[in-house]
Amino acid sequence: MKDWLSKFRALVLFGIVALVLSACGRENLTALDPKGYGAEVSLKLILLTTIVMTSVFLVVIILLIIVLVRFRRKKGEPLKNVPQVEGSKTLEAIWTIIPIILVGIMAVPTVVATFQLADTSDKDEHININVTGYQYWWHFEYENEEIATSQDMYIPVNKKVYVNLISNDVLHSFWVPSISGKLDVNPENVNTMFIQAYEEGVYFGKCAELCGPSHSLMDFKVVVVSEEEYEQWVNDMKSFNSQELELDAVAAEGRDLFEEKGCVACHATDSQNFVPGQKPIGPDLTQFADRSRIAGILHPTEENLYKWLKDPESVKPGNKMTGAYPELSDEEIEKISAYLMQLSPSEVTAASKE
Amino acid sequence: MAQVHDHSELFPEVMPPEPEKATLEGKNKFFGIWFFLGGETVLFASLFGVYLALKNSTAGGPSSQELFGLGLVFIMTMLLLTSSLTSVYAMYHMRNNDFKKMYLWLGITGLLGIGFLACEIYEFAHYITDYGFTFRSSAFGSAFYALVGFHGGHVLFGICWLTTLLIRNAKRGLNLYNAPKFNTFSIYWHFIDVVWVFIFSVVYLMGKVG
Amino acid sequence: MATTAAAKRSFWEFIWDYLTTVDHKKIAHLYLAGGGFFFILGGIEALIIRIQLIKPENDFISAGFYNEMITMHGTTMIFLAAMPIIVGLMNAIMPLQIGARDVAFPFLNALSFWLFFFGGLLLNLSFLFGGAPDAGWTSYASLSMDSSGHGIDYYIAGLQIAGAGTLMTGINFIATIVTMRAPGMTYMRMPLFTWTTFVTSVLILFAFPPLTINLFLLMFDRMFGTAFFNVALGGNQVIYQHLFWIFGHPEVYILILPMFGVFSEIFATFSRKRLFGYTAMVFATMLIAFLGFMVWAHHMFTVGLGPVANAIFAVGTMAIAVPTGIKIFNWLLTMWGGQVTINSAMLWALGFIPTFTIGGMTGVMLGSNVADYQYHDSYFVVGHFHYVIVGGSVFGIFAALHYWWPKMFGRVLNETLGKLTFWPFFIGVHLTFFVQHLLGLMGMPRRYWVFLEDQSLDLGNLISTIGAFLMGVGAIIFVINIIVSAFGEKAAADPWDGRTLEWAVSSPAPYYNFAQLPLVRGLDPLWIEKMEGNGKIPAAEPLGDVHMPNGSIIPFLMSIGFFISGFGFIYQTDNVYWYLALYGGLAFSIALMIIRSVKDDYGYYIPKEELEKALEGEAK
Amino acid sequence: MTDTKVNNMSKESFRRQKSREEMQKQLISFGLMIVLTLVAFAVVAMDTFHKGFVIPFLFLMAIVQAGFQFYYFMHLKERGTGMAALLIYGGVWAAFLTLAGLIVISWW
């Protein structure tokens, strides 16, 4: 029994170590492999506090083991009376003062970092993106650029970018673990923080505050591109006009259906009618075909798009699109899909960075 | 620790100096009500906090400066302050074992409380009918009625409590079993007054200042 | 478990006895049974959550039901399982430890229990009537305002009723400790468990009112159309967060401080040595409680309170590590130089030290707000607070149950089964929750119904689920142990060679506790008498009639009134006829209150002769 | 027996004397509370002082009045009430923290 137990424990220990070493999680999602300023600052403090606290833990464990080895009552050993010690001022002073010093070691860098990350004095000199959280998707409006997009947020590499967060319904929380720590998206006020990505790529964003049934499906992506590509992307977005797209017959019918079925009431397909600060009802679809995911979570394949348009509830329970549009026949879905797949304003896409 | 071991001890010929704390039950009641008031302090603080946080959130509705008048609040303050003094008188006579005078002063306390409550109801009715200012109007309205109404609820509860006490003990006279009950009520009543002092200062006077 | 007495009476008499009891020991039994029932319920909910998360994109349960599960698991475990069991332990032991015959307000004590019970029942009935609350145990205002159906209304009504009971318990225990200590039992001679009961009760007294108010605000917003949290009318949901955590953080200490008391008793008893640094332990308890009130905003680091507030609360949070550290080291030094007997109770206490230390160290790590920007609302936090609450409170509850079972039920729990409970549970805890820290840092937010494929979160979640089932195995073995031990050997008055007053009376304690109030000559009074006297506690008064309170059915009925009115509150938005239930229930309870107040209840006396007989019996 | 009775009587009259003196103190504190209330109302009604002065002043008046209530009307200064006072102060401390939380660090 004992033997089995120790073997089992060794196995568990091995498992844990393997887990730690093999992967710190998926690249572009994990906070343990920072690719941005905020995440880097946080990780430094995570490591510092872990080291300090682990050392304390080791002291406790060593003491515990010594106590158990030396003072354990052996089998059959008679009970005896031991000296009743009241306490020891010196010892107690030691384990009061040392922890105070340790707290100081952790507190000072924490406070310094807090103020560093909260410094928003140069906000006006940088790109500002107004982010709105909705039950279960994200909207990004680029200040002074007259463009907006949803789900995929494009930012230039190595540039400070300010995000101004507000919610349109309930609390959400904006979290891109690889790039920066999170900040809540409140309904009554704008929260501001800056992010800065070090490497190009597509980073996974998550909603970190319970916001309803599909809380776990409220993913978004941060697409980090080079500075030139960013400029190009912004210009492409500006000039894109979905009404002037040259479409094949099926897709053109899809465009008409898109209007007939009332999709346009909620979804913009370009920034031609852009009004700053206006809150859309549904996600902006301007660059739908360039998205890394459909509805934030599904891989961009035809079957998935069909699945989503046929029955959004089965993909994202509690979403606001279910029942907001008339039922579509398979043929209609095919046509609308064909149209949506033409909404590709730029060569700079998520796929190009993945 | 004076422990009572016999019912007859609850009806002594000469009352001990502090009849409200002479028995263990009395002592427990005395401490119990005080601890309860410690909790009530935090309860009201939460409501004050909510009020102070939301007092400017009028959502286009009437603000505190437009609503509040000082005259009525002054009358209410005087009523409640005086009722505090009358309940002190009642406790004074309880310690002197003068049952009738105690009843007289407790009765006056209750009447003053009813007067206060009547003023408050008039005030609320006035806001609702003349200004259309209800607890649904704005966050300010919700917070105002919650805080002042919660206090009013405490006054109402106090009056009901007092009435029950006065009726139940009318024929029993004063003894070591019910003396703590009167004292407990009196402590509660003073606390209601303390809360009102903060309400008229923080809500009405500061609301008038802006 | 007092089976012999029960067998003589009919079943209904037995039930009636418990419905009307005001005896703190029987109320303790009720609390343990009620809390135990809800513990099993919460455990099943936990397993359902873990099954859902066993693999990526699992569809074992729907998203809506998952949110109900996490909400009910958290709410049940904290309000309906851990707290009642702890209150039950306090009820059973604290009056005995200070040499009192009962608590200060026996009637209120019964009322507290029944309010808890019916509050919990109301909350759980939501499963049967259209869906449980689904906005998390915190029930943050924005989402709980948005939630359709009546789940959240059940949450409000249930917790409001149960919370009122808890508040009364707090007042009751403080008054008991202040006024009813036996002669010679000064404050600085009180056992640590009594001290932590005292401090915990103070925390309850100050922490529950903000929750009460918060639930009122939410109730008015949801049921009567007010605008506290309605942004369009100027409301602000951050108020909810503040009030919730002003309650919520002390709540954590309400759950853990009594367990510090339990462990202090157990380490001292089974090391045969007095508690090392008693004075420091007492003051550390108070300091933890004091600081615990000032750090609530660390649950709100990401709300955007600004750097000044965040920095202050970060430093305050880390500071709590200091008094907690003092405690850990004092426990280790209590064992140092003693003779350490390892049995089931002690095993839980020993398992607590590394487990809780990990929970504490991740707590300090979370206190660093900049690091917390990553941890917050991720599985790291889930891992952390389960290490604290399971490693602290649940281990403590198991330790306390093994330690005091003889005193509460008159039977000693089976040692072998006790150890068999510990090992799967202990291993299960670490398997389940350790990986969760990593999962959080790897990008898994908490309260996620599914995690997506291809995000490297699969293995960690699988391990976690396996661990959860191991914990379930441990819990089942404990239930078996209870049943087996019920037919086991009767317990002696002092089976562990104890140090404090509760071991000076028979097991289980007689209904009047002490025939004569004990005279206390110092810290660990029983040990002192064993070492310096004849092993018997001297009496502080001559043998005489003992005054006892009368039992009453009123607490039970009164709670039913509030229970019915709770339904009225919940459903009056649908149909005005429900106002009948609302006002009817309230009127019923108020009428009972008036009856209670108008009727003179002097209690009764146990005649001296009966006590003499009992004492003779004991001597034989 | 008679001796103790006489003794009791004189004790009783002494206690009554003390009680009367106590009552006088309570009357004085009532008078002061009325004055404080009048001053507070007057300051607001006159409308001449600056907000920055009036608000802390009103707070001060309220706290002084509360002190009178607690210590004179509710007898918190009597012997054996230490624990009651301690818990009230605890409540005041928790109240202060709650207020600070809601007023100072919530608002944008």
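Note: hydrogens, waters and symmetry copies are ignored here, and every other heavy atom, side chains too, is used.
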For this session: Starting from the C-alpha separation in whole Å, work towards a yes-or-no answer on salt bridge (charged side-chain N to carboxylate O under 4.0 Å, His left out) for Lys35(A) and Asp33(A).
Result: CA-CA 7 Å; Lys35(A) 301 279 172 57; Asp33(A) 182 12; 3.8 Å; yes
Exercise. Heavy-atom distance under 4.5 Å to chain C: side chain of Pro78(A), backbone, both or neither?
Worked result: backbone
For this session: Please state whether the rings of Phe71(A) and Trp336(C) are parallel, tilted or perpendicular, taking 30° and 60° as the class boundaries.
Result: tilted
Seminar exercise, completed: Between the CD atom in Gln84(A) and the CZ atom in Phe276(C), the distance rounded to the nearest 0.5 Å is 13.0 Å
Exercise. Is it the backbone or the side chain of Leu117(A) that comes under 4.5 Å from a heavy atom of chain C, or both, or neither?
Worked result: side chain
Exercise. For Leu332(C), is it the side chain, the backbone, both or neither that has a heavy atom under 4.5 Å from a heavy atom of chain A?
Worked result: both
Seminar exercise, completed: Given Lys89(A), Glu77(A), Gln135(A), Glu92(A), the one with more heavy-atom pairs under 4.5 angstrom with chain C than any other is Glu92(A)
Problem set entry | is_close_aromatic(Tyr448(C), Tyr66(C)), centroid dist under 6.0 Å | no
Problem set entry | Rounded distance [0.5 Å steps], CZ in Phe380(C) versus OH in Tyr375(C) | 4.5 Å
Exercise. Looking at Asp169(A), Leu183(A), Ile297(A), Val41(A), which one has more heavy-atom pairs under 4.5 Å with chain C than the rest?
Worked result: Leu183(A)
Exercise. For Thr192(A), is it the side chain, the backbone, both or neither that has a heavy atom under 4.5 Å from a heavy atom of chain C?
Worked result: neither
Problem set entry | Contact class of Leu91(A) relative to chain C, heavy atoms under 4.5 angstrom | side chain
Exercise. In terms of heavy-atom proximity below 4.5 Å to chain A, should Asp454(C) be classed as side chain, backbone, both, or neither?
Worked result: both
Exercise. Picking from Thr357(C), Val231(C), Leu441(C), which has the most non-hydrogen pairs under 4.5 angstrom with chain A?
Worked result: Leu441(C)
Problem set entry | Proximal to chain C - members of residues 203-213 of chain A, heavy-atom separation under 4.5 Å | Phe204(A), Lys206(A), Cys207(A), Ala208(A), Glu209(A), Leu210(A), Cys211(A), Gly212(A), Pro213(A)
Problem set entry | Segment of Leu143(C) engaging chain A (4.5 angstrom heavy-atom cut-off) | both
Problem set entry | Donor + acceptor pair across side chains of Asn81(A), Arg272(C) (<3.5 Å) | yes
Problem set entry | Residue pair Phe220(A), Phe174(A): steps toward the ring-ring contact (aromatic ring centres under 6.0 Å, His included) verdict | CA-CA 9 Å; Phe220(A) 63 101; Phe174(A) 180 92; 5.0 Å; yes
For this session: Apply salt bridge (charged side-chain N to carboxylate O under 4.0 Å, His left out) to Arg446(C) and Asp377(C), showing your working.
Result: CA-CA 6 Å; Arg446(C) 76 192 273 204; Asp377(C) 261 345; 3.4 Å; yes
For this session: Sort Leu79(A) into side chain, backbone, both or neither according to what part of it lies under 4.5 angstrom from a heavy atom of chain C.
Result: both
For this session: Can you tell which part of Met145(C) gets under 4.5 Å to a heavy atom of chain A, answering side chain, backbone, both or neither?
Result: neither
For this session: Mind ranking Ser173(A), Ala118(A), Pro187(A), Gly318(A) by heavy-atom pairs under 4.5 Å with chain C and telling me who comes out on top?
Result: Pro187(A)
Exercise. Side chain, backbone, both or neither: which part of Glu27(A) has a non-hydrogen atom closer than 4.5 Å to chain C?
Worked result: neither
Seminar exercise, completed: Under 4.5 Å to a heavy atom of chain C? For Asp219(A) that would be side chain
Seminar exercise, completed: Looking only at Thr54(A), Leu29(A), Asn28(A), the option with the highest number of non-hydrogen pairs under 4.5 Å against chain C is Leu29(A)
Seminar exercise, completed: Applying a strict 4.5 Å limit to non-hydrogen atoms, the region of Ser180(A) in contact with chain C is backbone
Exercise. So which part of Ser167(A) gets closer than 4.5 Å to some heavy atom of chain C, the side chain, the backbone, both or neither?
Worked result: neither
Exercise. So, for Tyr379(C) and His437(C), is the gap between ring centers shorter than 6.0 Å?
Worked result: no
Exercise. Tell me, side chain or backbone of Ile66(A) under 4.5 Å from chain C's heavy atoms, or both, or neither?
Worked result: side chain
Seminar exercise, completed: Ranked by heavy-atom pairs below 4.5 Å to chain C, first place among Gly104(A), Ser42(A), Pro83(A) goes to Ser42(A)
For this session: Using non-hydrogen atoms and a 4.5 Å limit, figure out which bit of Ile70(C) sits close to chain A: side chain, backbone, both or neither.
Result: side chain
For this session: Select, from Ala314(C), Gly325(C), Ala280(C), Gly338(C), the one with the greatest count of heavy-atom pairs under 4.5 Å involving chain A.
Result: Gly338(C)
Exercise. Which region of Ile100(A), side chain (C-beta onward) or backbone (N, CA, C, O), has a non-hydrogen atom less than 4.5 Å from a non-hydrogen atom of chain C, or is it both or neither?
Worked result: both
Problem set entry | Minimum side-chain heavy-atom gap Gln339(C)-Ser271(C) below 4.5 Å | no
Problem set entry | Pick from Ile353(C), Asn310(C), Val364(C) with the largest number of heavy-atom pairs that fall under 4.5 Å of chain A | Val364(C)
Exercise. Any chance the rings of Phe352(C) and Trp331(C) have centres within less than 6.0 Å?
Worked result: yes
Problem set entry | Which portion of Trp175(A) sits near chain C, non-hydrogen atoms under 4.5 angstrom | side chain
Exercise. Given a strict heavy-atom distance threshold of 4.5 Å, which part of Tyr278(C) is in contact with chain A: side chain, backbone, both, or neither?
Worked result: backbone
Seminar exercise, completed: Scored by heavy-atom pairs under 4.5 Å with chain A, the best of Trp527(C), Phe270(C), Phe65(C) is Trp527(C)
Problem set entry | Which portion of Ala141(C) sits near chain A, non-hydrogen atoms under 4.5 angstrom | neither
Exercise. Given a strict heavy-atom distance threshold of 4.5 Å, which part of Ile328(C) is in contact with chain A: side chain, backbone, both, or neither?
Worked result: side chain
Exercise. Tell me, side chain or backbone of Leu217(A) under 4.5 Å from chain C's heavy atoms, or both, or neither?
Worked result: side chain
Problem set entry | Residue selection (most heavy-atom pairs with chain A, distance under 4.5 Å) from Leu452(C), Leu523(C), Thr341(C), Asn330(C) | Asn330(C)
Exercise. Out of Lys182(A), Lys44(A), Met53(A), Glu86(A), which one racks up the most heavy-atom pairs below 4.5 Å with chain C?
Worked result: Lys182(A)
Exercise. Relative to chain A, which segment of Gln241(C) carries a heavy atom at a distance below 4.5 Å: side chain, backbone, both, or neither?
Worked result: side chain
Seminar exercise, completed: So, the part of Thr138(C) with a heavy atom under 4.5 Å from chain A: the answer is neither
For this session: Identify, with sequence neighbours excluded, every residue that meets side chain to side chain contact (heavy atoms under 4.5 Å, CB included) alongside Ile528(C).
Result: Arg521(C), Glu532(C)
Problem set entry | No-hydrogen, no-angle side-chain donor-acceptor test under 3.5 Å, Asn369(C) and Asp372(C) | no
For this session: Heavy-atom pairs under 4.5 Å with chain A are the metric here; pick the option from Thr279(C), Val315(C), Val450(C) that has the most.
Result: Val450(C)
